[in-house]
2 protein chains.
Amino acid sequence: MSQRTTEEYLETIGALEERESPVSTSSIAQSMGLSLASVSEMLRRLSENGLVEHTPYGGASLTDEGQRRFLRLTRRHRLWEVFLNRYLGIGWEDVFHHACSLEHATSDPVADKLAEFLDNPDVCPHGSPIPEKNLKRPVNAGVTLSNLEIGQSARVLNVIIENNSEFLRYLTGLDLTPGARLKVLEKAPYDGTLTIEVNNVARAIGREAASVIMVKPL
Amino acid sequence: MSQRTTEEYLETIGALEERESPVSTSSIAQSMGLSLASVSEMLRRLSENGLVEHTPYGGASLTDEGQRRFLRLTRRHRLWEVFLNRYLGIGWEDVFHHACSLEHATSDPVADKLAEFLDNPDVCPHGSPIPEKNLKRPVNAGVTLSNLEIGQSARVLNVIIENNSEFLRYLTGLDLTPGARLKVLEKAPYDGTLTIEVNNVARAIGREAASVIMVKPL
DNA sequence: TTGGAAGTCAAGGGTATCCTAATTATTGTA
DNA sequence: TACAATAATTAGGATACCCTTGACTTCCAA
């Protein structure tokens, strides 16, 4: 198994596990754009290598070792995002894509020194937590924007869809970037569309979108 | 052909072409640790793709397109070396290795912004020229240290063996890093071992080593 | 001009990854 | 509770890259 392929699988499984655990074979296949058969076979191999817990017909989850490797990758990915954003001036909308390849090409010493150079940031440009060097799984505090009630105020913590430039650009247009303060003005009864106030401007945002924005109620 | 494999070949051929052009199949095979047969087959494919000029039994050289791709890789490699050295504090002895993987993972916008961030450096930590954005082949001014005559003074321009940490550490121990000033005190008749003065200290250096150090006579 | 070195080609393997198609397990529901 | 629909797995191929070995061709230098 190539290092690279293994890492792609670990990342996919790790990410999916945030919402579904164990992760089904088909979720992985869909997310990676591969056939069910390929994933099934690969899960067997990852399982043999001790990175994934796989019970046939029962889905997959990361072992401790798999988890560690996943968090190490996430750490690298987000550190690069910070670098690309802060020093190279690449927008938060685009950093994900560029960091994707860099993370696999980063040796341990480089990752450590990079963290130090960046002054050990604890969130990426999308506001998501950067795993610490000890590779403990960071907790994702906050609730989704779609869960707020009318009248509640909140601050945007992070946006969990980090790889969709177009969507992130849309959010930039709404001033809904990490750190932004908002207040819920209205909540449509049928589809849950929100009217919120950001920077004293009223804006509408659909429930789908609101459900991938994590906020901290104030 | 995978992108990565192609790039490895282009880099190897490009580097060898500095001293031997066209490059023989066996040089490539030896340098990459592959069999003659594999290289022979791969050259045919690279040739089909228009990256390499390959006449059977006549060796290989890069086409204009191959050259451009080679220089783009070299540019990325050396830009990363500068970053790793200057900002992450990784010694010139070790940057090569770390930059090797990064160069293949760098998108065009990142490379451009990185160059800008670094203030468009024109040499890497080993003193070798960084190809400019227009991808013209840089000229390697200077002569080898082994070519100097007794009594001549010079400044170290660059060391052309960049991937041998141990050797570079040895040079650091001799204070023979890019920019260092030296003077040839003696030249042994049989094997060409040099005695040179660096920082007012006399040091011996073999001809092999002296032939990979480029200097500019003063 | 000829023998050895260098290079090529062909055959036969090995590994890794992916596919489609066929098969088997699980599950929701009538 | 049985059986279709769905999910997952296995089987069988395809491709890409690399290897070795051995036969052969080309080149060069003594």
Side-chain angles (χ1 to χ4, degrees), chain A residues 1-17 19-63 66 69-70 73 100-101 104-105, chain B residues 1-17 19-63 66 69-70 73 100-101 104-105:
Chain A
M1 243 173 347
S2 85
Q3 172 94 357
R4 181 59 188 261
T5 307
T6 302
E7 292 185 349
E8 301 284 7
Y9 271 89
L10 291 179
E11 287 195 89
T12 304
I13 298 169
L16 289 172
E17 231 177 353
R19 316 211 224 127
E20 172 195 0
S21 184
V23 184
S24 69
T25 309
S26 43
S27 299
I28 301 169
Q30 174 162 38
S31 167
M32 298 184 77
L34 298 177
S35 75
L36 230 35
S38 304
V39 174
S40 196
E41 189 189 343
M42 198 62 189
L43 287 180
R44 193 180 40 69
R45 264 184 288 184
L46 287 168
S47 176
E48 275 167 21
N49 288 20
L51 296 171
V52 153
E53 192 85 47
H54 180 223
T55 50
Y57 296 98
S61 53
L62 296 178
T63 60
R69 301 236 344 229
F70 165 65
L73 283 165
C100 256
S101 38
H104 301 284
Chain B
M1 244 172 347
S2 81
Q3 170 94 355
R4 182 59 186 259
T5 307
T6 302
E7 291 186 350
E8 302 285 6
Y9 270 90
L10 291 179
E11 286 195 271
T12 304
I13 297 169
L16 290 172
E17 230 177 354
R19 315 210 227 128
E20 171 196 1
S21 184
V23 185
S24 68
T25 308
S26 44
S27 299
I28 300 169
Q30 173 160 37
S31 167
M32 298 184 78
L34 300 177
S35 73
L36 269 182
S38 301
V39 173
S40 200
E41 187 190 343
M42 197 63 187
L43 286 180
R44 193 180 40 70
R45 262 185 287 187
L46 287 168
S47 178
E48 275 167 21
N49 288 20
L51 296 170
V52 152
E53 191 86 47
H54 180 224
T55 50
Y57 299 99
S61 53
L62 297 178
T63 61
R69 302 239 339 232
F70 165 65
L73 283 165
C100 257
S101 37
H104 300 285

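Keep in mind that what you see is a predicted model, and the values were worked out from it rather than measured. FYI, side chains are in, hydrogens and waters are out, and symmetry mates aren't considered; it's all heavy atoms of this structure. The sequence lines fix the lettering, A, B, ..., with proteins before strands; numbering per chain opens at 1.
Closest of all the heavy-atom pairs between Leu43(B) and Ile28(B) is CD2-CD1, 4.1 Å. Contact detail for Thr12(A) and Ser31(A): the closest heavy-atom pair is CG2-OG, 3.4 Å. Nearest heavy-atom pair across His54(A) and Gly59(A) is CD2-O, 3.3 Å. Residue Val52(A) comes nearest to Ala60(A) through the heavy atom pair CG1-CB, 3.8 Å, listed as atom of the first residue, atom of the second, then distance.
Less than 4.0 Å separates DNA chain C from at least one heavy atom of each of the following residues of residues 55-63 of chain B: Pro56(B), Tyr57(B).
Among the protein residues, Thr25(B) comes within range of the sugar-phosphate backbone only, with heavy atoms under 4.0 Å from sugar or phosphate atoms but none that close to a base. In this structure, Arg45(A) reaches the bases: a heavy-atom distance under 4.0 Å links it to at least one base atom across the strands shown. In this structure, Ser26(B) reaches the sugar-phosphate backbone alone: every heavy-atom distance under 4.0 Å involves primed, P, OP1 or OP2 atoms, never a base.
The shortest distance between side-chain heavy atoms of Phe70(B) and Leu51(B) does not fall below 4.5 Å. Side-chain contact between Thr5(A) and Met42(A): present, with at least one pair of heavy atoms (C-beta onward) separated by less than 4.5 Å. At a threshold of 4.5 Å between non-hydrogen side-chain atoms, the residues His104(B) and Gln3(B) do not count as touching. At a threshold of 4.5 Å between non-hydrogen side-chain atoms, the residues Leu62(B) and Glu17(B) count as touching.
In this entry the distance linking CD of Glu41(A) with P of dA16(C) reads 11 Å, nearest Å. For the pair Arg4(B) CZ and dT17(C) P, the computed distance is 15 Å after rounding to whole Å. Between the C1' atom of dC19(C) and the CG atom of Leu36(A) lies a distance of 12 Å, rounded to the nearest Å. Asn49(A) has its CG atom 15 Å from the P atom of dT15(C), to the nearest Å. The separation between Glu7(A) atom CD and dT17(C) atom C1' is 16 Å, rounded to whole Å. Atom CG in Leu46(A) sits roughly 16 Å away from atom C1' in dT9(D) (whole-Å rounding). Going from atom CZ of Arg44(A) over to atom P of dT17(C) covers 12 Å, rounded to whole Å. One interatomic measurement links the two molecules: CD1 of Ile28(B) to P of dA6(C), which rounds to 15 Å at whole-angstrom precision.
For Thr5(A) and dT17(C), the shortest distance from a side-chain N or O to OP1 or OP2 is below 4.0 Å. For dA6(C), the OP1/OP2 oxygens have no side-chain nitrogen or oxygen of Ser24(B) closer than 4.0 Å. Under 4.0 angstrom from either OP1 or OP2 of dA8(D) there lies no side-chain N or O belonging to Ser40(A). Residue Ser2(A) places at least one side-chain N or O under 4.0 Å from the OP1 or OP2 atom of dT17(C).
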Give me, pair by pair, the N or O atoms of the protein and of nucleotides 12-14 of chain C that are less than 3.5 Å apart, along with how far apart they are.
none

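Closest approach to the His54(B) side chain among dC9(C), dT8(C), dA21(C) is made by dT8(C) (side chain taken as heavy atoms from C-beta onward). The listed nucleotides are dC19(C), dC18(D), dT17(C); the one nearest the side chain of Met42(A) is dT17(C).
A donor-acceptor pair is defined here as one N or O able to donate and one able to accept, closer than 3.5 Å; no such pair exists between the side chain of Ser61(A) and the backbone of Pro22(A).
A search for salt bridge (Lys or Arg N to Asp or Glu O under 4.0 Å) contacts involving Glu53(A) returns nothing, not counting sequence neighbours.
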